[in-house]
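See below for the structure under consideration.
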Amino acid sequence: MWSLMDTSQRQRALQRARALKAWKDGESGVPAKVAAADAGVPLVRFYQMNSSWRKQNSFAAVGVGAEPERNRASQFKSVANQVLQVIVAELVKAEPEKFMKASVRSLALQLADSARERGVPIGDVPGHNTLRSLIERARRDLVRKDEVGSALLLDHAACGLQRSDGAPWTMFVIVDAASQLILGASPGEIEAAGIAYRHAARDGLRRVNDRALGGIPWADRLTSVQLVPGKGDASEFSRVAEEARAIGIGFNVTADAKAGRYLERLVGRSIGVLPIWPGRVSSTSLPDWAAERSPRLDLEQAGARILLAVDDYNAQLFAAKDSVPDRPPPPELARFFKLLSD
């Protein structure tokens, strides 16, 4: 199941699983409404997931790229579901544009035929409406891949710029989890992550209000934020978390040991021409060969260099994408940036 999920689906599955685990079936003292916001789902849906989670602590319970819920009339055998999920993934990967433009009915019929060809007994192939729902969900997921501003990741990594003492600057980044667009960035120190993320949020505010970001497929709303703290006290983000949840944004703080790993998974090992080093967040130096190529800069100079690298990275990311009609960013996005930047 995990292998069939795209990056966006994995982010949502992890977000929901963490919220359910933290809620502890209502025994943690966390209000259900807050837990639902952390999971990024409506309260009723959260209760449904918790019921499934109580029976089986697995990603199947959170309903992201998983089997249909067992209490639905449209349930079908897991073996058939696995085959169907593979077929849908293949259809999307082979010709995504055709998948989006073809009629849902024709795709559902194709899905049924392919399932039978792969050995699924006729009696185990679900009905036409269920097949249509699989196609429609895959289409929504495909659209969501390119939508910006629905789920954010705040992470940091050492980068190819050195401080005056030879230690690498840490780059704090706000990246869109679906599109990999970087919305905000700033240099900083891991002992003062709150300050660095604050500056990254201010950069984010500037960018979302910048007309240069026109033509981007903005999502309807911001639903979740995942933050990797630095070496300081993670409780410094408690106010932001509380206020974010109050406006319906799920907010999760991960372990600092994960620093840089999520960012690398989304953007790779460089941002523009600037290399990043997830494994050297706490390091006092870069490898000799990298140090020879990395300039020593003060905070202001490092900030200017990082912003140029981000601009270059974002431009390359969207160079091959079709522009879409202008639409405003989700209102929660600017509100969250304002919360974090204050």
Side-chain angles (χ1 to χ4, degrees), residues 3 6-7 10-11 14 152-204 206-207 212 226-234 253-321:
S3 64
D6 58 32
T7 301
R10 290 180 179 181
Q11 290 284 346
L14 287 171
L152 302 182
L153 172 68
L154 282 68
D155 198 1
H156 55 282
C159 69
L161 301 173
Q162 298 179 90
R163 301 185 305 199
S164 59
D165 60 0
W169 277 107
T170 300
M171 182 176 182
F172 290 79
V173 178
I174 302 174
V175 58
D176 179 71
S179 67
Q180 290 86 52
L181 183 74
I182 293 177
L183 297 179
S186 174
E189 300 179 359
I190 57 174
E191 296 81 10
I195 296 175
Y197 279 133
R198 190 177 306 141
H199 287 294
R202 290 171 183 168
D203 180 46
R206 178 185 65 81
R207 289 179 186 277
Q226 181 175 317
L227 182 146
V228 183
K231 294 294 184 182
D233 186 358
V253 177
T254 68
D256 182 62
K258 298 289 187 180
R261 303 303 177 185
Y262 296 112
L263 181 61
E264 181 184 16
R265 189 182 303 163
L266 288 177
V267 306
R269 294 302 298 267
S270 67
I271 294 176
V273 297
L274 187 62
I276 61 173
W277 304 81
R280 291 183 174 268
V281 171
S282 301
S283 178
T284 58
S285 65
L286 290 173
D288 291 342
W289 64 269
E292 293 174 358
R293 307 175 185 179
S294 304
R296 296 197 177 196
L297 306 173
D298 61 26
L299 178 64
E300 184 177 353
Q301 292 171 328
R305 188 71 66 91
I306 284 173
L307 295 187
L308 287 174
V310 169
D311 287 342
D312 180 52
Y313 166 85
N314 285 342
Q316 292 184 42
L317 186 66
F318 276 88
K321 294 183 180 291

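The basis for the numbers below is simple: all heavy atoms, side chains too, and nothing from hydrogens, waters or symmetry mates.
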message: I'd like to know whether Tyr313 forms a side chain to side chain contact (heavy atoms under 4.5 Å, CB included) with Gln180, so could you lay out the CA-CA distance, the side-chain angles of the two residues, the decisive distance to 0.1 Å, and finally the verdict.
response: CA-CA 10 Å; Tyr313 166 85; Gln180 290 86 52; 3.4 Å; yes

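- The shortest side-chain heavy-atom distance between Arg293 and Pro275 does not fall under the 4.5 Å cut-off.
- Arg207 has its side chain within reach of Asp311: a pair of non-hydrogen atoms, C-beta onward, lies under 4.5 Å apart.
- The shortest heavy-atom contact between Ile306 and Cys159 is CD1-SG, 4.5 Å.
- We find the CG-CG distance between Leu153 and Leu183 to be 11.0 Å, quoted to the nearest 0.5 Å.
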task: In sequence, state the C-alpha distance, the side-chain angles, and the governing distance for Met171 and Leu263, and then conclude on side chain to side chain contact (heavy atoms under 4.5 Å, CB included).
output: CA-CA 11 Å; Met171 182 176 182; Leu263 181 61; over 6 Å; no

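- A side-chain donor-acceptor contact under 3.5 Å links Asn314 to the backbone of Ile182.
- Pairing each heavy atom of Pro187 with each of Leu299, the nearest pair is CG-CD1, 3.7 Å.
- Between Arg198 atom CZ and Ile195 atom CD1 the span is 6.0 Å, to the nearest 0.5 Å.
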message: The test is side chain to side chain contact (heavy atoms under 4.5 Å, CB included); show your working for Val173 and Val267 and say whether it passes.
response: CA-CA 11 Å; Val173 178; Val267 306; over 6 Å; no

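- Side chain of Trp169 to main chain of Leu297: a donor-acceptor pair is present (N/O by atom type, distance under 3.5 Å, no hydrogens or angles).
- Taking all atoms of both residues into account, the shortest heavy-atom contact from Ala157 to Ile276 is CB-CB, 4.3 Å.
- Not one N or O on the side chain of Asp155 forms a donor-acceptor pair closer than 3.5 Å with the backbone of Val228.
- The two atoms that bring Ala309 and Ile271 nearest to each other are CB-O, 3.5 Å, heavy atoms only.
- Residue Asp165 qualifies as enclosed at atom CG: its count of foreign heavy atoms under 6.0 Å is above 12.
- Between the side chain of Arg296 and the backbone N or O of Gln162 there is no donor-acceptor pair closer than 3.5 Å.
- Ser186 and Ala196 make their closest contact through CB-O, 3.7 Å (heavy atoms, listed as atom of the first residue, atom of the second, distance).
- When all heavy atoms are compared, the tightest approach of Ala185 to Val310 is CB-CG2, 3.8 Å.
- Side chain of Gln301 to main chain of Asp298: a donor-acceptor pair is present (N/O by atom type, distance under 3.5 Å, no hydrogens or angles).
- Annotation: the span from Leu274 atom CG to Leu161 atom CG amounts to 5.0 Å, rounded to 0.5 Å.
- Other residues, nucleotides and ligands place no more than 12 heavy atoms under 6.0 Å from the CZ atom of Arg305.
- The aromatic rings of His156 and Phe172 lie parallel to each other, their planes meeting at an angle below 30°, with 60° marking the opposite boundary.
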